[in-house]
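Since the structure comes first, as structure tokens, the remarks are kept for the end.
As the structure is a computational prediction, the values presented were derived from the model and not from experiment. When a ligand or atom number is given, it counts from 1 through the structure's own listing order.
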Amino acid sequence: MQQLEGRVAVVTGGGSGIGAALARVCGAAGMRVALADVEADAVEGVAASMRDVGMQALSAVVDVRRREDLERLAERTYAEFGACDLLCNNAGVMLNRPLLETSAEDWEWTLSVNLWGVIHGLGVFLPRMKEQRREGHVVNVASIAGITNIGALGLGAYSTSKAAVVMLSEFLRTELETGGIPIGVSVVCPGAVATRIAESERNRPEGLGSGPTAAQAAADPNSAQVPGTQTPIEVAEAILEGVRENHAFILTHPEMKGGAEARSRRLLGAFDEAAAKSS
Ligand SMILES: NC(=O)c1ccc[n+]([C@@H]2O[C@H](COP(=O)([O-])OP(=O)(O)OC[C@H]3O[C@@H](n4cnc5c(N)ncnc54)[C@H](O)[C@@H]3O)[C@@H](O)[C@H]2O)c1
């Protein structure tokens with residue numbers, strides 16, 4: 001989608017990090033932006049700061065685990081801005097816990113935000129976007145952890161949720177292309193970005209268990225500053241460029257290619273072994 005000025009973007013997780021930066025970059029490109037987040041003050045703070053510099057932005061309190069919240073967001077976005085041309089399913093949480101210690105509640109929280117949040121966003125907005133009968137785009141924010149085993153041992157559940165988002169995005173892109181529907185789909189797979197993702201527990205709902213305390217999380221070696229960490233704005237700019245150029249994958253950390261190569265080699269090697277056995 002080349003022409004962004006005057007169009008409408010919806011960004012979930014817009015109250016912080018990559019989502020807030022994406023909202024600002026969309027606003028700077030002349031888009032009207034609907035920002036959604038579970039953190040009411042944070043998301044209204046970002047929207048207000050955009051309006052202060054002349055951008056058009058609305059904020060809504062939305063829990064992406066709830067389809068009815070996204071329905072309300074869609075109704076409001078269409079009532080106030082008349083469309084959704086760019087849907088950014090960005091809200092996400094990171095659980096840092098070895099798989100052997102991951103509880104059913106840990107899984108439910110991780111999958112309900114990171115995977116069901118995307119499923120609900122698509123389910124609510126895509127039919128409306130299709131009805132607009134004009135060019136549109138979907139951005140799903142996954143992670144490099146969804147395409148390679150990054151070796152951070154606590155990220156099993158997180159990586160599983162992100163791998164599902166990658167496959168969902170690939171299938172959706174093919175399905176829309178095959179159906180002649182002019183809506184592009186990009187999946188974003190960043191490496192480390194300087195955001196509040198390591199403090200995700202702040203948004204874990206009561207009744208879905210609890211994770212490490214802030215002090216435990218800070219002491220975890222995985223939470224140390226990773227070399228190559230990018231700023232949210234760098235990532236947001238790369239995302240918008242990927243939208244303009246309709247890239248299937250938006251990769252922001254090219255130095256992590258080795259992990260993808262190693263995984264591909266293991267996979268192709270397994271095919272070769274299977275072929276050797278069957279010949
Ligand atoms: N920061 C990184 O290193 C990194 C790397 C790869 C991918 N990502 C992905 O980027 C996306 C954005 O995360 P971030 O790094 O900006 O973290 P962040 O914590 O700064 O922002 C995430 C936002 O999502 C919101 N959120 C959490 N649960 C929600 C829910 N149920 N409903 C609605 N909003 C909810 C939070 O309130 C927060 O504003 C996530 O999907 C994350 O997995 C981050």
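- Salt bridge absent: Arg65 and Glu108 never bring a charged side-chain N and a carboxylate O closer than 4.0 Å.
- A salt bridge links Glu199 with Arg196: the closest approach of a Lys/Arg side-chain nitrogen to an acidic carboxylate oxygen falls below 4.0 angstrom.
- Under a 3.5 Å cut-off, the side chain of Asn203 and the backbone N or O of Val93 do not form any donor-acceptor pair.
- Checked for salt-bridge contact, Glu39 and Arg202 meet the test: a charged N lies under 4.0 Å from a carboxylate O.
- The residues lining ligand 1, counting any heavy atom closer than 4.0 Å, are Gly13, Gly15, Ser16, Gly17, Ile18, Asp37, Val38, Glu39, Val62, Asp63, Val64, Asn90, Ala91, Gly92, Val93, Val113, Val141, Ala142, Ser143, Tyr158, Lys162, Pro190, Gly191, Ala192, Val193, Thr195, Arg196, Ile197, Arg202, Asn203.
- The side chain to side chain donor-acceptor pair (under 3.5 Å) analysis of residues 5-27, with sequence neighbours excluded, yields the pairs Arg7-Asp85, Arg24-Ser49.
- Checked for salt-bridge contact, Arg173 and Glu177 meet the test: a charged N lies under 4.0 Å from a carboxylate O.
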